[in-house]
Amino acid sequence: MDEAKALYIDQAKLSERLKLPEGQTPETAAPIVIWDLGLGAAANAMASILCYEAEAAKGPVRNLKVISFENDLDSLKLAMTHKNRFEYLRHSGPDAVLARGTWQSRQYPGLSWDLHVGDFWQLASKASAAPDIIYYDFFSQKTNPDSWELESFDKLFGYCDPNKSAQLFTYCSSTTMRVALLNAGFYVANGEGTGSKKETIVALSPGFPTPCPYPLVGQEWLERWRRSSKKFPDGLTPEQQAEVEKRIEGHPQFSAG
Ligand SMILES: C[S@@+](CC[C@H](N)C(=O)[O-])C[C@H]1O[C@@H](n2cnc3c(N)ncnc32)[C@H](O)[C@@H]1O
């Protein structure tokens with residue numbers, strides 16, 4: 001691996017998000033806040049930082065604050081000892097967040113990065129700002145079951161600011177993940193393929209611009225879900241399943257026509 005690559009949000013879209021709204025300056029425009037869950041070897045975090053630096057080199061952009069969470073720093077520490085293979089780590093940011101938990105770009109005052117070390121679900125409330133973008137990149141359900149439960153997505157939805165729409169990107173494309181996100185109140189769209197996955201998921205909290213920047217799943221998906229043999233995440237009682245079913249069937253995503 002020789003370059004950082006944000007796996008789910010395409011760089012052009014992040015560059016677009018960093019553009020200043022008409023008539024605004026970096027000081028007056030709201031910053032873009034990325035929640036990077038988990039940090040791993042920092043490929044997603046660094047791809048975002050490098051994208052900001054490339055855009056800021058061309059002219060003023062919205063400020064960017066990256067907030068990473070990680071409960072095991074081993075993969076970053078290991079990657080840091082192989083910077084010839086992980087070239088994107090040849091940057092002052094990773095050393096600083098490892099040493100001090102925070103980094104402020106010297107060159108660009110609008111660019112900063114915080115790292116919270118520990119379990120995201122315990123530390124989420126410590127984030128200094130609500131997310132605009134969430135990289136949901138925990139290991140799979142098998143390895144990190146806590147992070148794929150219905151309640152987890154309810155909590156995550158609760159951390160989103162009702163006054164700005166957050167966009168969540170994940171490599172996962174399962175039906176039950178879509179169900180968990182819809183059940184929590186997110187809108188669900190199809191994301192770009194990555195690696196072996198033909199499709200990923202983008203979820204949006206309410207308040208996104210219309211038309212939605214991502215293709216929302218619609219009646220066709222709902223029909224397929226009704227016929228699916230795996231409609232619900234594991235471990236739900238029949239009463240809980242009925243609750244979830246009611247939420248999905250009544251979700252405004254499917255009633256908008
Ligand atoms: C697939 S890797 C992330 C790769 C990373 N996003 C990158 O760009 O290199 C998943 C990471 O999530 C971390 N993780 C899993 N559960 C977590 C939790 N509850 N809180 C914080 N980090 C967690 C794991 O330790 C692991 O490093």
Side-chain angles (χ1 to χ4, degrees), residues 1-11 13-14 33-53 64-91 93-98 101-103 113-128 131-159 166-174 177 180 184 191-197 200-203 233:
M1 180 190 283
D2 59 4
E3 64 176 37
K5 190 168 176 319
L7 297 176
Y8 324 114
I9 182 168
D10 105 39
Q11 301 295 90
K13 288 216 166 71
L14 182 54
V33 178
I34 295 179
W35 279 23
D36 171 42
L37 323 177
L39 171 74
N44 289 341
M46 281 308 302
S48 310
I49 285 168
L50 295 174
C51 176
Y52 175 98
E53 290 177 342
L64 176 68
K65 182 188 272 290
V66 178
I67 306 178
S68 297
F69 294 84
E70 178 54 63
N71 62 5
D72 178 357
L73 293 173
D74 281 359
S75 49
L76 180 56
K77 286 182 179 161
L78 182 64
M80 294 286 278
T81 63
H82 294 85
K83 288 190 188 171
N84 55 331
R85 295 200 54 216
F86 297 86
E87 285 187 11
Y88 63 86
L89 296 174
R90 292 186 181 163
H91 188 280
D95 285 301
V97 291
L98 273 179
T102 187
W103 172 76
W113 185 9
D114 291 341
L115 168 61
H116 295 280
V117 181
D119 177 20
F120 166 72
W121 303 106
Q122 304 295 322
L123 293 175
S125 61
K126 303 236 182 285
S128 56
D132 294 275
I133 293 171
I134 302 168
Y135 296 145
Y136 202 82
D137 203 17
F138 293 134
F139 287 131
S140 68
Q141 196 159 12
K142 221 167 142 192
T143 318
N144 291 150
D146 291 1
S147 296
W148 303 92
E149 288 169 358
L150 282 185
E151 296 73 35
S152 304
F153 295 101
D154 291 345
K155 279 190 206 154
L156 195 56
F157 187 80
Y159 289 121
Q167 297 180 353
L168 175 151
F169 298 84
T170 179
Y171 63 87
C172 181
S173 60
S174 74
M177 169 83 170
E192 316 219 333
T194 169
S196 57
K197 301 260 176 176
T200 56
I201 297 174
V202 181

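Numbering of ligands and ligand atoms starts at 1, following listing order. Atoms considered below: every heavy atom in the structure, side chains included; atoms not considered: hydrogens, waters and symmetry mates. No experiment lies behind these values; they were computed from the predicted model shown. One is the number of the first residue; the rest follow in order along the sequence.
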Problem set entry | Exam field: side chain S152 to backbone D146, donor-acceptor pair closer than 3.5 Å | yes
For this session: Give the C-alpha distance, both sets of side-chain angles, the deciding distance and a yes or no for side chain to side chain donor-acceptor pair (under 3.5 Å) between Y135 and S48.
Result: CA-CA 11 Å; Y135 296 145; S48 310; 2.8 Å; yes
For this session: With atom 19 (N) of ligand 1 as the reference point, say which of D119, D36, T143 has the nearest heavy atom.
Result: D119
Exercise. If you count the atoms of ligand 1 from 1 in the order shown, which ones are under 4.0 Å from a heavy atom of A42?
Worked result: 7 (C), 9 (O)
Exercise. When you measure from the side chain of Y136 to the backbone N and O of G38, does any donor-acceptor pair fall under 3.5 Å?
Worked result: no
Seminar exercise, completed: The ring pair (Phe, Tyr, Trp, His ring centres under 6.0 Å) partners of F69 (sequence neighbours excluded) come to W35, H116, F120
Exercise. Are the aromatic rings of W148 and F139 close, with centres under 6.0 Å apart?
Worked result: no
Exercise. Is ligand 1 less than 4.0 angstrom away from at least one heavy atom of G118?
Worked result: yes
Exercise. N/O of S75 under 3.5 Å from N/O of ligand 1, yes or no?
Worked result: no
For this session: Going by heavy-atom distance to atom 23 (C) of ligand 1, choose the closest among N71, L76, N144.
Result: N71
Exercise. Hey, does the side chain of Q167 reach the backbone of I133 with a donor-acceptor pair shorter than 3.5 angstrom?
Worked result: no
Problem set entry | ligand 1 versus A45: contacting region, heavy-atom distance under 4.0 Å | neither
Problem set entry | Residues in side chain to side chain contact (heavy atoms under 4.5 Å, CB included) contact with K83, at least two apart in sequence or another chain | M80, L89, R90, D95
Exercise. In terms of atom number and element, which parts of ligand 1 are under 4.0 angstrom from non-hydrogen atoms of F120?
Worked result: 18 (C), 19 (N), 20 (N), 21 (C)
Problem set entry | Heteroatom proximity flag, F138 to ligand 1, N/O under 3.5 Å | no
For this session: Examine the proximity of ligand 1 to L39 and report which part, side chain or backbone, both or neither, has a heavy atom under 4.0 Å away.
Result: backbone
For this session: Would you check the N or O atoms of F139, main chain and side chain alike, for any that come under 3.5 Å of an N or O of ligand 1?
Result: no
